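Atoms considered below: every heavy atom in the structure, side chains included; atoms not considered: hydrogens, waters and symmetry mates. Everything numeric here is computed off the predicted structure, so don't read it as measured data.
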Amino acid sequence: GSQPGIQHTNRFQWTLVPAPGLAEQSFFSGATALDGGPAFALSSAGLFWISPGGSGALALPSGIPFAAWNGIAVTSGSMIVVFGKGGLVALVDPSGDRAPVLLGSHDSDVSFLGAATRGEHLYLVGASEQEGKAPLGVIAHYWEHSLVHTHRTTAPATLRACTSVNDAE
């Protein structure tokens with residue numbers, strides 16, 4: 001059989017060969033590092049790294065249920081951004097050398113659903129849901145791990161994804 005991890009046949013085709021214990025996981029968010037390192041995946045059981053040589057779990061901030069996290073993104077510095085319900089945003093060092101850092105929590109009514117990174121900038125999108133009202137879209141901008149600005153749409157919206165377009169160098 002194949003070794004656990006990611007087997008790649010060319011630049012654009014990947015096949016996940018699950019390691020024992022990961023086979024039953026339902027992954028709902030994934031990201032890869034720009035340096036060709038491992039892929040990262042988030043499931044209802046936690047955060048995992050996956051590489052051609054194997055896979056393993058990564059620590060998330062303690063005391064927060066796995067179900068509170070909605071997605072992940074990887075920064076240009078190869079840190080993992082984990083985001084979710086209750087406005088949760090955290091940084092995870094994939095090497096495990098540093099403990100996960102909670103960047104703060106927005107209002108409890110905010111749920112982040114998508115993210116994009118560019119250099120030291122992090123953009124998160126989602127929705128703010130208040131009882132009895134239609135959700136409003138939310139865009140949060142972090143720079144160097146600090147919140148710079150949060151914008152809420154004036155019309156009902158749920159923002160699910162964002163991207164960053166890199167300038168030609």
Nearest 0.5 Å please: distance from the [atom1] atom of [X] over to the [atom2] atom of [Y].
| X | Y | atom1 | atom2 | result |
| --- | --- | --- | --- | --- |
| Phe83 | Leu124 | CZ | CG | 6.5 Å |
| Ser55 | Phe40 | OG | CZ | 12.5 Å |
| Leu47 | Leu60 | CG | CG | 5.0 Å |
| His141 | His149 | NE2 | NE2 | 10.0 Å |
| Leu58 | Ile80 | CG | CD1 | 5.0 Å |

Nearest non-hydrogen partners of [X] and [Y], listed with the distance:
| X | Y | value |
| --- | --- | --- |
| Thr158 | Pro135 | OG1-CG, 3.6 Å |
| Pro65 | Trp69 | O-CD1, 3.7 Å |
| Ala115 | Cys162 | C-SG, 3.5 Å |
| Ala157 | Ala127 | O-CB, 4.2 Å |
| Leu159 | Val138 | CD1-O, 3.7 Å |
| Val92 | Pro94 | O-CD, 3.3 Å |

Are Arg152 and Asp109 ion-paired here, with the side-chain N under 4.0 Å from a carboxylate O?
-> yes
Quick check: is [Y] connected to [X] through a chain of hydrophobic side chains (ILVMFWY, heavy atoms under 4.5 Å apart)?
| X | Y | result |
| --- | --- | --- |
| Leu42 | Phe66 | yes |
| Trp49 | Val82 | yes |
| Phe28 | Ile72 | yes |
| Val89 | Leu147 | yes |
| Val148 | Val125 | no |

Stepwise side-chain contact (heavy atoms from CB on, under 4.5 Å) test for His145 and Met79 = CA-CA 11 Å; His145 315 302; Met79 293 291 282; 5.6 Å; no
Look at the side chain of [X] and the backbone N and O of [Y], then say whether any donor-acceptor pair between them is shorter than 3.5 Å.
| X | Y | value |
| --- | --- | --- |
| Lys85 | Ala67 | yes |
| Ser29 | Gly71 | no |
| Asn70 | Leu113 | no |

Beyond-backbone contact of Thr117 with Val74, side-chain heavy atoms, under 4.5 angstrom |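 No; the side chains remain at least 4.5 Å from each other.
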Where do Leu91 and Val81 land on the side-chain contact (heavy atoms from CB on, under 4.5 Å) test, with the steps shown first?
-> CA-CA 5 Å; Leu91 282 178; Val81 177; 3.7 Å; yes
